[in-house]
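Values in this document were obtained by computation on a predicted structure and should not be read as measured data.
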Amino acid sequence: MLRPATVADFSFVYDLYFLPENNPYLLYEPMSKDAFEPIFAAQLNEGVKYIFEINGHAVGMVKISGYTHRMAHAAYIGAVAIHPKYVRNGFGLLLMHETIHFCKSLGYTRLELDVDDDNPRAKRLYEKAGFETEGLLRNYSNRAAAGQLVHNYRMGILL
């Protein structure tokens, strides 16, 4: 089940973003909880952060950002993460199916996301969920702390 994130989810979301196994593939460079607080507050205010629960336990998250004007039929999916203690249980695919279903209920007819080219496991997950590669964004992600520029695949699905 997807539900809107709340202030009570701060520590869970912070951990998901900054666990070493997740952080290279997500948007933010490592930072302190104090530095992340205004970012999380903005996500809550914008209503874009969702928590994925199984049997009442938070296991993952996703950010859903709708576009506007001529792109108002589309949304961008980001910050897709399952807590490492729950990986390889099929929860990633459940999260993606739930996200797609939720976005359809909001009236979106297109979803898109980016995935780092050195994250083949995530790319396979998105393909299993029905997303198709639409292009390659060269040197798109800047992992400044690691001194790396990483290519990203742009993927999309029509609902």
Side-chain angles (χ1 to χ4, degrees), residues 2-53 58-68 71-72 74-87 91-100 102-103 106 108 110-129 131-157:
L2 274 186
R3 64 166 176 80
T6 68
V7 172
D9 296 307
F10 176 79
S11 291
F12 178 74
V13 170
Y14 178 83
D15 287 347
L16 279 179
Y17 271 112
F18 300 107
L19 286 166
E21 50 267 70
N22 289 353
N23 182 255
Y25 307 113
L26 298 174
L27 182 61
Y28 305 110
E29 290 290 310
M31 68 179 74
S32 69
K33 282 188 172 186
D34 288 342
F36 185 67
E37 281 180 7
I39 294 168
F40 183 69
Q43 291 177 349
L44 293 182
N45 288 337
E46 294 166 13
V48 297
K49 179 61 75 188
Y50 294 87
I51 302 300
F52 179 61
E53 292 183 334
V59 300
M61 68 177 180
V62 64
K63 183 178 174 188
I64 303 169
S65 303
Y67 294 119
T68 60
M71 292 293 298
Y76 184 85
I77 305 301
V80 176
I82 296 291
H83 194 283
K85 70 181 179 181
Y86 297 109
V87 297
F91 293 153
L93 191 57
L94 286 174
L95 168 58
M96 293 308 298
H97 287 311
E98 185 75 20
T99 300
I100 290 166
F102 179 70
C103 288
L106 295 176
Y108 293 116
R110 174 186 167 79
L111 301 178
E112 55 190 39
L113 55 81
D114 297 322
V115 61
D116 294 350
D117 73 341
D118 64 351
N119 193 357
R121 196 168 98 212
K123 188 171 185 283
R124 283 191 306 275
L125 168 68
Y126 302 142
E127 289 168 344
K128 283 182 186 177
F131 284 79
E132 297 179 27
T133 300
E134 296 181 334
L136 179 67
L137 305 168
R138 296 174 299 152
N139 290 348
Y140 192 68
S141 289
N142 182 6
R143 295 182 190 157
Q148 286 181 303
L149 291 173
V150 181
H151 301 332
N152 281 191
Y153 292 105
R154 174 62 51 99
M155 301 183 79
I157 186 173

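Between the CG atom in L149 and the CG atom in N142 there is a gap of 5.0 Å [rounded to 0.5 Å]. Interatomic distance, CG of L26 versus CZ of R143, reported as 10.0 Å (0.5 Å rounding). For the atom pair E134 CD and D114 CG, the distance stands at 10.5 Å (nearest 0.5 Å). Between L44 atom CG and T6 atom OG1 the span is 7.5 Å, to the nearest 0.5 Å. Atoms CD and CD, from E132 and E127 in turn, are 9.0 Å apart once rounded to the nearest 0.5 Å. The CD atom of E37 lies 4.5 Å from the CZ atom of F10; values are rounded to the nearest 0.5 Å.
For the pair Y14 and M31, the tightest heavy-atom approach, listed with the atom from each and the gap, is OH-O, 2.5 Å. The minimum heavy-atom distance between P20 and P24, with the atom names listed, is O-CD, 3.2 Å. Between I100 and A129 the shortest heavy-atom distance is CD1-O, 3.5 Å. The two residues A35 and I39 make their nearest non-hydrogen contact at O-CD1, 4.1 Å. Residues L113 and Y76 share a closest heavy-atom pair of CA-CE1, 3.8 Å. The heavy-atom pair separating S141 from D116 by the smallest distance is OG-OD1, 3.4 Å.
For E29, the CD atom counts as densely surrounded, since its 6.0 Å shell holds more than 12 non-hydrogen atoms of other residues, nucleotides or ligands.
Counting only N and O atoms by type, the side chains of Y67 and E112 include a donor and acceptor under 3.5 Å apart.
Looking at V80 and Y25, their side chains never come closer than 4.5 Å, going by heavy atoms from C-beta outward. In this structure the side chain of V48 never reaches within 4.5 angstrom of the side chain of I64, judged on heavy atoms. Between V115 and M155 there is a side-chain heavy-atom pair separated by less than 4.5 Å. Considering only heavy atoms from C-beta on, H83 comes within 4.5 Å of F12 through its side chain. Counting only heavy atoms from C-beta outward, the side chains of V87 and R121 approach each other to under 4.5 Å.
Screening L16, L2, V13 for a side chain to side chain contact (heavy atoms under 4.5 Å, CB included) involving I51 leaves a single residue, V13.
Checked against a 6.0 Å centroid threshold, the rings of F18 and F36 count as neighbours.
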Subject >> Full working for side chain to side chain contact (heavy atoms under 4.5 Å, CB included) between K33 and S11 >> reply: CA-CA 8 Å; K33 282 188 172 186; S11 291; 3.6 Å; yes
Subject >> Evaluation steps, side chain to side chain contact (heavy atoms under 4.5 Å, CB included), between Y126 and M96 >> reply: CA-CA 8 Å; Y126 302 142; M96 293 308 298; 3.8 Å; yes
**OP:** Could you walk me through whether F52 and R3 pass the side chain to side chain contact (heavy atoms under 4.5 Å, CB included) test, one step at a time?
**Re:** CA-CA 7 Å; F52 179 61; R3 64 166 176 80; over 6 Å; no
**OP:** Evaluate the side chain to side chain contact (heavy atoms under 4.5 Å, CB included) criterion for residues K63 and Y50: first the C-alpha distance (whole Å), next the side-chain angles of each, then the deciding distance (0.1 Å), finally the verdict.
**Re:** CA-CA 6 Å; K63 183 178 174 188; Y50 294 87; over 6 Å; no
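At least one donor-acceptor pair closer than 3.5 Å links the side chain of N23 to the backbone N or O of Y28. Here the side chain of H151 pairs a donor or acceptor atom with the backbone of N139 at under 3.5 angstrom.
A cation-pi contact, defined as under 6.0 Å to the ring centre and within 45° of the axis, links K123 to Y153.
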